[in-house]
Amino acid sequence: MGVAVVIEDDDAIGELVGAYLEQAGFQVVRERTGEGGLNAVEWREPRFVVLDLGLPDIDGFDVCRQLRASGRVPILILTARDEETDRIIGLELGADDYVTKPFSPRELVARVRAVLRRAEPDPLESQVIELGDVHLDLGLRSVVVAGAPVALRTLEFELLAELARNAGQVVSRNRLLGRVWGLSFAGGTRTVDVHVAQLRKKLGRPELIETVRGVGYRARDDNAPREA
């Protein structure tokens, strides 16, 4: 199953998380500091990282920022910080999911698996979806706008893909939460709004994703999406 790096300074929680991940088949590397965690990720090249925010040396948000700047390893934040602002900051910095303490270890493992399904492409999926000059390759997980590649984070790509698959139809925020995040997400529908705003900015096509007030979003199908 690969290596999982758990960055958590609370020994009891770190051991609990590690035990459940090992039962799920992962080789677990535990670190109690942000610096140790960053070094472990660099040398061990894990499949994913479980990251606490309240670390003794470096704030977890800074660790998340450095991890995202240096690579695409999936990051699941596990923290006692349950304010909406903290969740939004974590996601904007590039975390793939955000779980608050107290937590269910079994749900944590399920969330890890959901993150990995999103981050690791299905080799059998090779469709290309076109919306105007926006081209999505679902197999390669790439996006090209007017001939220029656009780098999207994992959740941003999944959100765009879900909207593109349903171009011309309204997709509710709750459905997007379920389909993109894999489980009901504590960040609520505000999380969807934040990611849609990021997508519009990165694509440079704010008109591509329409807001349907009180319901959700719709990808425009001026050129009906074509799959090949």
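For the single chain, residues carry numbers from 1 onward in sequence order.
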Practice task
Establish, yes or no, whether the cationic atom of R81 lies under 6.0 Å from the six-membered ring centre of F61 and within 45° of the ring axis.
Solution key: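 Here R81 passes the 6.0 Å and 45° test against F61.
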
Practice task
Could you tell me whether E162 and R165 make a salt bridge, using a distance below 4.0 angstrom between a side-chain N and a carboxylate O?
Solution key: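 A salt bridge is present here (some side-chain N lies under 4.0 Å from a carboxylate O).
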
Practice task
Using a strict 4.0 Å threshold on nitrogen-to-oxygen distance, state whether E8 and R30 make a salt bridge.
Solution key: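 No.
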
Between [X] and [Y], what is the shortest heavy-atom contact and its length?
X: A40; Y: V29; answer: CB-CG1, 4.2 Å
X: L131; Y: A167; answer: CD2-CB, 3.7 Å
X: L116; Y: P74; answer: CD2-CG, 4.3 Å
X: I129; Y: A164; answer: CG2-CB, 3.9 Å
X: L155; Y: A95; answer: CD1-O, 4.0 Å
X: G90; Y: I77; answer: CA-CD1, 3.9 Å

To the nearest 0.5 Å, how far apart are [atom1] in [X] and [atom2] in [Y]?
X: L93; Y: R65; atom1: CG; atom2: CZ; value: 5.0 Å
X: T85; Y: R87; atom1: OG1; atom2: CZ; value: 9.0 Å
X: D97; Y: L51; atom1: CG; atom2: CG; value: 12.5 Å

Problem - For D57, salt bridge (charged side-chain N to carboxylate O under 4.0 Å, His left out) partners two or more places apart - result: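 Partners of D57 by the salt bridge (charged side-chain N to carboxylate O under 4.0 Å, His left out) criterion come out as none, since no residue qualifies.
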
Exercise for the section: Would you list the pairs meeting salt bridge (Lys or Arg N to Asp or Glu O under 4.0 Å) in which at least one residue belongs to residues 66-77, sequence neighbours left out? Expected result: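 Residue pairs with at least one partner in residues 66-77: R68-D96.
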
Any side-chain heavy atom of [X] within less than 4.5 Å of one from [Y]?
X: R47; Y: V112; answer: no
X: L163; Y: L176; answer: yes
X: V41; Y: L67; answer: yes
X: I58; Y: E35; answer: yes
X: I209; Y: R200; answer: yes
X: V63; Y: Q66; answer: no
X: L108; Y: L76; answer: yes
X: D52; Y: L78; answer: no

Handout entry: Counterpart residues, side-chain hydrogen bond (donor to acceptor under 3.5 Å, both in side chains), relative to D82 (two or more places apart)
Key =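 D82 satisfies side-chain hydrogen bond (donor to acceptor under 3.5 Å, both in side chains) with no residue once adjacent residues are dropped.
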
Handout entry: E207 atom CD, neighbour heavy-atom count above 12 within 6.0 Å
Key =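 Correct, the count exceeds 12.
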
Problem - Verdict with supporting geometry, I75 and Y98, side-chain contact (heavy atoms from CB on, under 4.5 Å) - result: CA-CA 9 Å; I75 303 167; Y98 193 107; over 6 Å; no

Handout entry: Common cluster, L53/V194, ILVMFWY with side-chain heavy-atom separation under 4.5 Å
Key =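 No, L53 does not connect to V194 through the hydrophobic network.
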
Handout entry: Joint cluster assignment, V192 & I88, ILVMFWY side-chain distance < 4.5 Å
Key =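 Looking at the clustering, I88 is in a separate group from V192.
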
Practice task
Walk me through it: do T191 and R173 pass the test side-chain contact (heavy atoms from CB on, under 4.5 Å)?
Solution key: CA-CA 9 Å; T191 299; R173 289 177 174 87; over 6 Å; no

Handout entry: Check: E31 side chain, T33 main-chain N or O, donor-acceptor pair, under 3.5 Å
Key =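 Here the side-chain-to-backbone pair does not exist.
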
List the atom pairs, with distances to 0.1 Å, where a side-chain N or O of residues 12-22 and a protein N or O form a donor-acceptor pair under 3.5 Å, not counting sequence neighbours.
none

Can you list, pair by pair, the side-chain donor-acceptor contacts under 3.5 Å of residues 144-154, counting residues two or more places apart and other chains?
unit_1: R153; atom_1: NH1; unit_2: E92; atom_2: O; d: 2.2
unit_1: R153; atom_1: NH2; unit_2: E92; atom_2: O; d: 3.0

Practice task
Output the rest of the hydrophobic cluster of V215: all Ile, Leu, Val, Met, Phe, Trp and Tyr residues reachable through side-chain heavy-atom contacts under 4.5 Å, sorted by chain and number.
Solution key: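 Under the 4.5 Å side-chain rule, V215 groups with V170, V212.
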
